[in-house]
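Beneath this line is the structure, given in structure tokens, with notes to follow.
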Amino acid sequence: MIAIIDCNSFYCSCERLFRPSLDDKPVVVLSNNDGCIVSRTDEAKALGVAMAGPYFLAKPTIEKYGVATFSSNYNLYGDLSWRVMETLRILLGEKNIEVYSVDEAFLDLSEFKHTNLYEEGLRIKNVVETWTGIKVSIGIAPTKVLSKVANRLCKKNKEATKGVMVLDTPAKISEALQATPVSDVWGIGRQYALKLKEMNAVYTAYDLSKKSAAWAHKNLGGVVGTRMISELNGIPAIEVAKEQLTQKKRIACTRMFGKTVSTITEVKQAVATYASRAAEKLRRQGSAATVVSVFVLTREPSNNGRFRHGNTYSHYTVLPIATSATNELIKHAMALVDVLYDASKQYKKAGVILSGFVPDATIQANLFVAPQQNNQRKLMSTMDNINFALRNDVVQFAATGTKRNWKMRVEMRSPRYTTRWNELFEVK
DNA sequence: TCTGGGGTCCTAGGACCC
DNA sequence: TCTGGGGTCCTAGGACCC
């Protein structure tokens, strides 16, 4: 059996941890740039605050009811996420946990064959909540997709389930599938939901489970679809990952600008900053990149009242020799901006994506690089160490600029209680 | 006026090889 | 002269996830 453990309204729960007075009050957390609502509590939901909706639309409701509102504080959430996952590792053993996202993990429960899984779920939930202060819900079933179904239902009915639901018989599974709209199945997104609706006859997860594998292969993205049918029928087709994927295949740093910008200087400063950030992540995982790509997103005039994204323009460079050096990567990224930039346009967003990774060690062993490149490596690691120790990006490349008009807004961020000494929680 | 960011996997189709 | 069939690798694009 497989469990999915999921933190309830995770970002909001993190904020509540340091503001217990908000425990039964509505709370929302905003995305970067204070653009969208990315987390909301049940109380905020009850007031009609839309999930993933733009902040400015929800603002009247939020102000009317005095909903506590926070900008994203990723340092805080990352640290609390680590505490939750560490608790699970202690309880179940590292090899039985797959950390799926910042607030979710799959657990392989095959070692608990002979115990009462509902009781076991309650126990895990209890320990996590006691040790970390973060409330969680647990769904347990024979497959990942079904555990997600269980998790969703137990969240919808916290009182009766006490936050744990086990689907361990065909009858329970069938009942749960009938109570789940097909659009809420893990793996069915907007496009597929629309397609299934147009095709008629598939409204619930149960309806979908009765479709053939061949049908799903044809209509739901090939093997992805056949796996889905198998999983819904209780036959595992998506393994719990045995080893954590620590090496990313692609590293991106992209941001909306705080306001639209139009000069090439501003675009370049932003892109240089993102390249620096991406390069740091790259070095942290011990990789070097052979592909640098840059994209920019423009602001388009008048959208007729309907939201529309601007157009994106992207371009990439394949490097002759892989590198992890910030200055190298910035240099290539700057050349790409020169290609992409159009003075007649206004820009809302830009991003840098690194890919084509090789282990950084191979660079060291390369006899054909000039000796300066090895000095560069020392410079990079010194920079990373200083920035890590002081936690404030004190050492930077000049190309990233000093004024930074384009920097995103974080107007309502709470203190980084657990990761900055000078923002520690204070007790009188 | 104001709509996030960072990933993954899969498929189709083209280029190239023997 | 005959121009098949199977394999690999790459890229772009589409779908999904939280």
Side-chain angles (χ1 to χ4, degrees), chain A residues 4 6-11 28-39 50-60 62 71-72 74 77-78 81 98-106 144-145 148 151-152 183-196 216-228 237-239 241 245-260 274 277-278 281-282 285 290-291 293 295 297 299-303 305-310 312 314-316 318 346 348-357 408-411:
Chain A
I4 178 90
D6 180 306
C7 303
N8 301 341
S9 311
F10 181 55
Y11 294 173
V28 298
V29 174
L30 308 180
S31 67
N32 271 334
N33 226 19
D34 296 344
C36 291
I37 291 162
V38 287
S39 181
M51 182 62 175
Y55 172 50
F56 77 94
L57 282 182
K59 211 167 175 179
I62 284 172
S71 299
S72 294
Y74 294 108
Y77 312 150
S81 169
E98 178 193 349
V99 177
Y100 179 66
S101 75
V102 68
D103 69 334
E104 281 178 62
F106 285 104
K144 279 188 169 179
V145 170
K148 282 280 206 177
N151 185 275
R152 172 180 170 278
S183 57
D184 284 338
V185 173
W186 185 54
I188 301 295
R190 265 222 334 274
Q191 302 301 319
Y192 288 159
L194 193 70
K195 192 169 169 183
L196 290 169
H217 190 278
K218 182 157 173 262
N219 295 291
L220 297 176
V223 301
V224 177
T226 53
R227 279 182 205 149
M228 166 83 63
I238 310 171
E239 301 270 303
L245 192 66
T246 48
Q247 300 273 303
K248 302 239 184 289
K249 297 173 179 177
R250 205 166 73 181
I251 288 172
C253 183
T254 74
R255 292 278 182 286
M256 297 289 295
F257 300 137
K259 61 179 183 61
T260 14
Y274 305 157
R277 186 73 66 237
K281 294 188 202 170
L282 184 68
Q285 73 163 34
T290 57
V291 179
S293 57
F295 74 83
L297 186 124
R299 188 168 81 112
E300 302 300 326
S302 144
N303 49 13
R306 290 177 75 94
F307 173 67
R308 187 172 110 235
H309 271 299
T312 60
S314 69
H315 206 59
Y316 66 91
V318 179
Q346 292 192 299
K348 287 168 66 176
K349 180 181 184 176
V352 173
I353 302 164
L354 305 177
S355 57
F357 297 157
M408 69 183 186
R409 296 185 294 264
V410 273
E411 284 160 8

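Proteins get letters first, then strands, A, B, ... in listed order; numbering begins at 1 in each.
Heavy-atom contacts from other residues, nucleotides or ligands closer than 6.0 Å to NZ of A:K218 number 12 or fewer. Atom NZ of A:K195 has more than 12 neighbouring heavy atoms from other residues, nucleotides or ligands inside a 6.0 Å radius.
Between A:A252 and A:G221, the residue whose closest nucleotide on DNA chain B is further toward the 5' end is A:A252. Checking A:V224 against A:K281, the closest nucleotide of DNA chain B that is more toward the 5' end is the one next to A:K281.
Heavy atoms of A:V102 sit nowhere under 4.0 angstrom from any nucleic acid atom. If you check every strand for non-hydrogen atoms under 4.0 Å, A:K195 touches nothing. A:I188 comes within 4.0 angstrom of sugar-phosphate atoms only, judged by non-hydrogen atoms across all strands, and of no base. Among the heavy atoms of the strands lying under 4.0 Å from A:K148 are primed sugar atoms or P, OP1, OP2 only; no base atom is included. Using a 4.0 Å heavy-atom criterion, one finds that A:K349 contacts the sugar-phosphate atoms exclusively. Contacts of A:I251 with the nucleic acid, taken as non-hydrogen atoms under 4.0 Å apart, involve only primed sugar atoms and P, OP1 or OP2. Within the nucleic acid shown, A:Y55 has no heavy atom closer than 4.0 Å to any nucleic acid atom. No engagement by A:Y274 is indicated, since no non-hydrogen atom pair under 4.0 Å with the nucleic acid exists. A:V291 comes within 4.0 angstrom of nothing in the nucleic acid, heavy atoms only.
There is a side-chain donor-acceptor pair under 3.5 Å between A:S71 and A:D34.
Taking atom C1' on both B:dC16 and C:dT3, the two are 16 Å apart, rounded to the nearest angstrom.
A:S72 places a side-chain N or O within donor-acceptor distance of the main-chain N or O of A:L30, the cut-off being under 3.5 Å.
Scanning for side chain to side chain contact (heavy atoms under 4.5 Å, CB included) contacts around A:Q346 gives A:T260, A:S262, A:R299, with sequence neighbours left out. The salt bridge (charged side-chain N to carboxylate O under 4.0 Å, His left out) test applied to A:R152 returns A:D184, not counting sequence neighbours. With sequence neighbours left out, the side chain to side chain contact (heavy atoms under 4.5 Å, CB included) criterion links A:Y11 to A:V29, A:V38, A:S39, A:Y74, A:Y77, A:V102. Remark: A:K349 engages no residue in a salt bridge (charged side-chain N to carboxylate O under 4.0 Å, His left out) (not counting sequence neighbours).
Along DNA chain C, the stretch of nucleotides lying under 4.0 Å from any heavy atom of chain A spans, 5' to 3', C:dA12 to C:dC18.
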Worksheet item: Where do A:M228 and A:V185 land on the side chain to side chain contact (heavy atoms under 4.5 Å, CB included) test, with the steps shown first?
Response: CA-CA 9 Å; A:M228 166 83 63; A:V185 173; 3.7 Å; yes
Discussion item. Pairs counted only when both distances fall under 3.5 Å, Watson-Crick or G-U: show me the 5' to 3' dot-bracket for DNA chain B, [ ] for pseudoknotted crossings and | for other-strand partners.
Written reply: ....||||||||||||||
